[in-house]
Novice: 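Got a structure for you, written out below as C-alpha cells; questions coming shortly.
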Amino acid sequence: MKIYNTFTRKKEEFIPVESGKIKMYVCGPTVYNYFHIGNARPFLFFDVVRRYFEFIDYKVTFTQNITDIDDKLIEQSIKEKVPVKTIAAKYIDAFYEDLSALEIGKVDHQPRATEFVDEMITLIKDLEKKGYAYENNGDVYFAVNNFKNYGKLSGKKIEDLKTGARVEANLQKKNPADFTLWKKSKAGEPKWQSPWGEGRPGWHTECVVMSRKYLGDTFDIHGGGIDLIFPHHENEIAQAEASRNKRFVNYWMHNGYLNIEGQKMSKSLNNFFTARDILKKYKPEAIRFFFLSKHYRSPIDFNEAIIIESSKAVEGFYQVLKQVDYLSFSDEKIEYEKQQIELIKKFKEAMDDDFNSAKAIAVLFEIVKKIKNPTIENSSKKQFARLLVELGLVLGFFQNLEEKLQNNIGTIAEDLINLMIEYRLQFRKEKNWKMSDQIRDDLKKLGIILKDTVDGTDWELE
RNA sequence: GGCGACAUCGCCAAGUGGUAAGGCAAGGGUCUGCAAAAUCCUCAUCCCCGGUUCGAAUCCGGGUGUCGCCUCCA
C-alpha cells in the first residue's frame with residue numbers, strides 16, 4: 001500500500017518497522033475546551049486508518065496523547081476560576097464523550113502529559129548533556145542551530161524563520177527559532193520540581209517520550225493536522241533524533257484543514273462549532289460521511305447543505321439494508337462469490353492508495369446499486385448486503401446496525417401505528433380520501449412517515 | 001518577505017499520459033386516488049494561455065484565482 005509521507009512529499013510504498021504490525025501515534029487534544037469540528041477530522045480519519053489496517057490483518061498499536069498541562073489550560077482555569085486539574089478532568093471527560101458520540105473507537109494507549117513529567121525531565125537533561133539544550137533563568141530551550149537538518153520536515157530554513165516578522169522576540173533565546181523545552185512557572189501555576197527549578201514541560205516534549213515508551217524509538221506513522229507540521233512535529237523530530245540519533249518516524253501523515261463556508265473557523269468570525277454542537281443537529285454517521293467523502297489531505301469545507309447531503313447519502317445505505325431486511329439474516333454465515341471478491345479488491349485498491357476514502361465510498365455505492373438492481377436474485381442480494389456492511393464497518397459506518405434498522409419505539413406505540421395504518425387502508429378501500437389523507441398527515445405531524453409500497457404500507461420515523 | 005497546497009457538471013467529489021468514477025440536486029418515465037416512498041433513464045472535456053506527446057484533466061512553462069504554514073492551533 002502507498003502512503004503520502006509529508007517528510008518526502010511523495011506517496012511511498014508502506015513498509016512497517018516490524019512486519020505485520022503497525023505502530024502509530026496521533027496527536028491528541030489539549031483539554032482546555034470542548035474540541036471543535038475541525039479537531040474531529042484527524043480523530044475520525046485516523047480511526048479509519050486503524051480500522052483499515054486491522055481489516056487487512058495488521059496488528060495495530062495506536063497511541064494518542066492528551067495534553068493536560070499548558071498555557072491554554074492555565075488561561076482557562078483562570079477564566080473558569082477552578083484549578084488546572086479540574087479543567088483537565090472536565091474536558092478529558094468531554095473528550096471521551098464526544099469521541100464516543102462520534103462513534104470513534106478507543107486507542108490502545110492514551111497517556112497524559114502530566115503522567116510523564118519525569119520522563120520529559122530525563123529527556124531534557126539528556127539534550128542538555130549532549131549540547132542541544134541550554135538553560136536561561138529557569139527556562140530551558142532547544143538550540144536549533146545545533147541540530148543539523150532542523151526544518152527537514154517542514155522545509156523551513158532557520159534563517160527564514162529569523163527574518164520572518166512573526167517569530168516572537170525573546171531575548172532569553174540565543175536564536176529566535178529556539179523552542180521551549182522547560183518553562184519556569186509563575187506564582188500560582190502548576191509546577192514540578194526539576195534541575196532548573198520549579199516549572200513545567202514545553203509542549204513538544206511529551207509526544208517524544210510517550211511515543212518512545214509505547215512505540216519505541218522508531219515507529220511507523222505519526223499523524224495529526226497539517227498545522228502541526230511546524231513547529232510541533234519539526235520540534236519533536238529535533239528532540240527525538242538529537243537524543244537518540246535514530247530515525248524518529250518513518251511516515252508522517254497530515255490531514256488538511258476544515259473550513260467553514262470557505263473561511264477558517266475562528267471565534268472572532270463567529271463560525272466556531274464544537275463537535276458537540278454539530279452532533280446536536282446531525283448524526284455521527286453524517287459527519288463521518290462528510291469527512292470521508294473527501295480525501296484526508298485536501299481542505300474540506302463545512303456547511304449546512306453539505307452535511308444534509310451527507311445525511312441523505314448515509315440514509316441511502318440504511319434504506320437498502322432495510323429493503324433486504326438485513327437483520328433477518330445478519331447472523332447467517334455468507335460466502336462471497338466472484339462479484340463480491342472483485343468489489344473487495346476495488347475497495348482495497350482505493351484504500352491502499354493513501355487511504356482514498358472517497359473512492360472507497362464509491363465502491364459502497366456500487367454495492368448499493370447491486371442490491372437495488374431488480375434483476376439480481378435474493379440470495380445474491382444478501383451477499384451484497386453483507387458486503388456493504390462489512391466494508392462500511394471498515395470506514396466506521398453501521399456500528400449500531402440493529403438499533404438503526406429497527407424503529408425502537410416500544411410495542412404499544414408500534415401496535416398503535418399499525419392500527420392507524422389499518423384504518424387508513426379501510427378508508428382507502430372506501431375511497432374516503434379525506435380521512436385516509438388526514439391519518440397520513442396527522443401521523444406525519446407526530447414524526448411518523450407512511451410509505452405506500454406494492455406490498456402494503458410501511459412506516460418509519462422521521 | 002519566505003515556503004507550500006489547490007482550481008474537474010448547479011453543489012460535493014474521484015481521477016497522476018490513453019480518451020471524464022460516484023453522491024446530491026435537477027429534468028423525464030414507471031408505480032400511485034393524490035402525495036411521499038420506491039424504481040428506471042438523462043445530465044461535464046476538466047480556470048486561462050503556450051509547450052511536450054500519436055495522445056494531457058493528468059507532464060512542463062507562464063498567467064489568474066482561492067487557501068494554508070512561517071505565532072497557540074487539528
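Order of the sequence lines sets the chain letters (A, B, ...), proteins ahead of strands, with each chain counted from 1. All figures in this text were calculated on a predicted structure; none of them were measured in a lab. These values consider heavy atoms only, across backbone and side chains, with no hydrogens, waters or symmetry-generated copies.
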Novice: Identify the nucleotide, in any strand shown, that forms a Watson-Crick or G-U wobble pair with B:G4, with both distances under 3.5 Å; if there is none, say none.
Specialist: B:C67
Novice: Distance check needed: B:C73 P versus A:N235 CG, whole Å only.
Specialist: 10 Å
Novice: Under 4.0 Å between a side-chain N/O of A:N356 and OP1 or OP2 of B:G15, yes or no?
Specialist: yes
Novice: I need the CZ-P distance between A:F272 and B:C73, as an integer number of Å.
Specialist: 14 Å
Novice: Grab the CG-P distance between A:N255 and B:G4 for me, whole Å please.
Specialist: 21 Å
Novice: Let's see if you can work this out: which of B:A38, B:C69, B:C34 has an atom nearest to the side-chain heavy atoms of A:D437?
Specialist: B:C34
Novice: Students often get this wrong, so: under 4.0 angstrom with heavy atoms, is A:H36 touching a base, only sugar-phosphate, or nothing?
Specialist: base
Novice: Among B:G2, B:C34, B:A74, which is the nearest nucleotide to the side chain of A:K156?
Specialist: B:G2
Novice: Base, sugar-phosphate, or nothing for A:Q319, non-hydrogen atoms under 4.0 angstrom?
Specialist: sugar-phosphate
Novice: Distance check, C1' atoms only: B:C6 and B:C47, in whole angstrom units.
Specialist: 12 Å
Novice: In whole Å, what separates the P atom of B:C49 from that of B:A57?
Specialist: 13 Å
Novice: Hey, does A:G256 reach any base, or is it just sugar-phosphate, or nothing, if we go heavy atoms under 4.0 Å?
Specialist: base
Novice: Salt bridge or not for A:E349 and A:K359, using N-O below 4.0 Å?
Specialist: no
Novice: Below 3.5 Å is the cut-off: list the nitrogen or oxygen pairs between protein and nucleotides 22-29 of chain B, distance only.
Specialist:
from  : atom 1 : to     : atom 2 : distance (Å)
B:G23 : N2     : A:E309 : OE1    : 3.3
B:G23 : N2     : A:E309 : OE2    : 2.7
B:A25 : OP1    : A:K312 : NZ     : 3.3

Novice: Indicate yes or no: does A:K445 engage A:D442 in a salt bridge with an N to O separation below 4.0 Å.
Specialist: yes
Novice: Quick one: salt bridge (Lys or Arg N to Asp or Glu O under 4.0 Å) partners of A:K294, sequence neighbours excluded?
Specialist: none
Novice: Would you indicate what A:G38 reaches in the nucleic acid, counting non-hydrogen atoms under 4.0 angstrom: base, sugar-phosphate, or nothing?
Specialist: base
Novice: When both hydrogen-bonding distances must be under 3.5 Å and the geometry is Watson-Crick or G-U wobble, what is B:A44 paired with, if anything?
Specialist: none
Novice: Would the base of B:A35 count as contacting A:D452 through its side chain, where contact means a donor and an acceptor less than 3.5 Å apart?
Specialist: yes
Novice: Using 30° and 60° as the class limits, which term best fits the ring planes of A:H233 and A:H254: parallel, tilted or perpendicular?
Specialist: tilted
Novice: Can you work out whether A:K434 or A:V320 has the more 5'-proximal nearest nucleotide on RNA chain B?
Specialist: A:K434
Novice: Taking atom types as they are modelled, would you say the side chain of A:R440 forms a donor-acceptor pair with the base of B:A36 within the 3.5 Å cutoff?
Specialist: no
Novice: Mind checking who B:C54 pairs with, Watson-Crick or G-U wobble, both distances under 3.5 Å?
Specialist: B:G18
Novice: How is A:S436 classified with respect to the nucleic acid when contacts are heavy atoms under 4.0 Å: base, sugar-phosphate, or nothing?
Specialist: base
Novice: Can you see if the side chain of A:Y257 gets near the phosphate of B:A5 - specifically, an N or O under 4.0 Å from OP1 or OP2?
Specialist: no
Novice: Any idea which of B:G15, B:A13, B:C34 is nearest the A:A358 side chain?
Specialist: B:A13
Novice: Separation of A:D354 atom CG from B:U16 atom C1', in whole Å?
Specialist: 13 Å
Novice: So, A:D452 and A:R428, do they make that salt bridge, N to O below 4.0 Å?
Specialist: yes
Novice: Looking for any heavy atom pair under 4.0 Å, which part of the strands does A:R428 touch: base, sugar-phosphate only, or nothing?
Specialist: base
Novice: Starting at atom CD1 of A:I307, determine the distance to atom P of B:C11, rounded to an integer number of angstrom.
Specialist: 19 Å
Novice: Could you tell me whether A:L258 contacts a base, only the sugar-phosphate backbone, or nothing, with contacts defined as non-hydrogen atoms closer than 4.0 Å?
Specialist: base
Novice: When rounded to the nearest Å, what value does the distance between C1' atoms of B:G68 and B:C11 take?
Specialist: 23 Å
Novice: Whether A:D68 and A:K85 form a salt bridge (side-chain N of Lys/Arg under 4.0 Å from carboxylate O of Asp/Glu) is what I want to check.
Specialist: no
Novice: Using the six-membered base ring of B:G33, report whether A:W433 stacks on it, requiring centroids under 5.5 Å and planes under 30° apart.
Specialist: yes
Novice: Check every strand shown and say whether A:K431 touches a base, only sugar-phosphate, or nothing at a heavy-atom separation below 4.0 Å.
Specialist: nothing
Novice: Going by atom types only, do A:N65 and A:T67 share a side-chain donor-acceptor pair under 3.5 Å?
Specialist: yes
Novice: What is the distance, rounded to the nearest whole Å, between atom CD1 of A:I300 and atom C1' of B:C6?
Specialist: 14 Å
Novice: If B:G10 has a Watson-Crick or G-U wobble mate with both distances under 3.5 Å, name it; if not, just say none.
Specialist: B:C24
Novice: Please tell me whether A:F272 and A:H36 form a close aromatic pair, meaning their ring centres lie under 6.0 Å apart.
Specialist: yes
Novice: With a 3.5 Å cut-off and no angle check, do the side chains of A:Y318 and A:E285 form a donor-acceptor pair?
Specialist: yes
Novice: Atom NZ of A:K445 to atom C1' of B:A36: distance rounded to whole Å?
Specialist: 16 Å
Novice: Among B:A74, B:C69, B:A13, which nucleotide sits nearest the side chain of A:F230?
Specialist: B:C69
Novice: When you check the side-chain N and O atoms of A:E236 and A:Y25, is any donor under 3.5 Å from an acceptor?
Specialist: no
Novice: Now, which nucleotide makes the Watson-Crick or G-U wobble pair with B:U30, with each of the two distances under 3.5 Å?
Specialist: B:A38
Novice: Would you tell me if any nitrogen or oxygen in the side chain of A:Q323 comes within less than 4.0 Å of OP1 or OP2 on B:A37?
Specialist: no
Novice: Counting only side-chain heavy atoms from C-beta out, which of B:C73, B:A13, B:U16 sits nearest to A:K11?
Specialist: B:U16
Novice: A:I260 CD1 to B:C67 P: how many Å, rounded?
Specialist: 15 Å
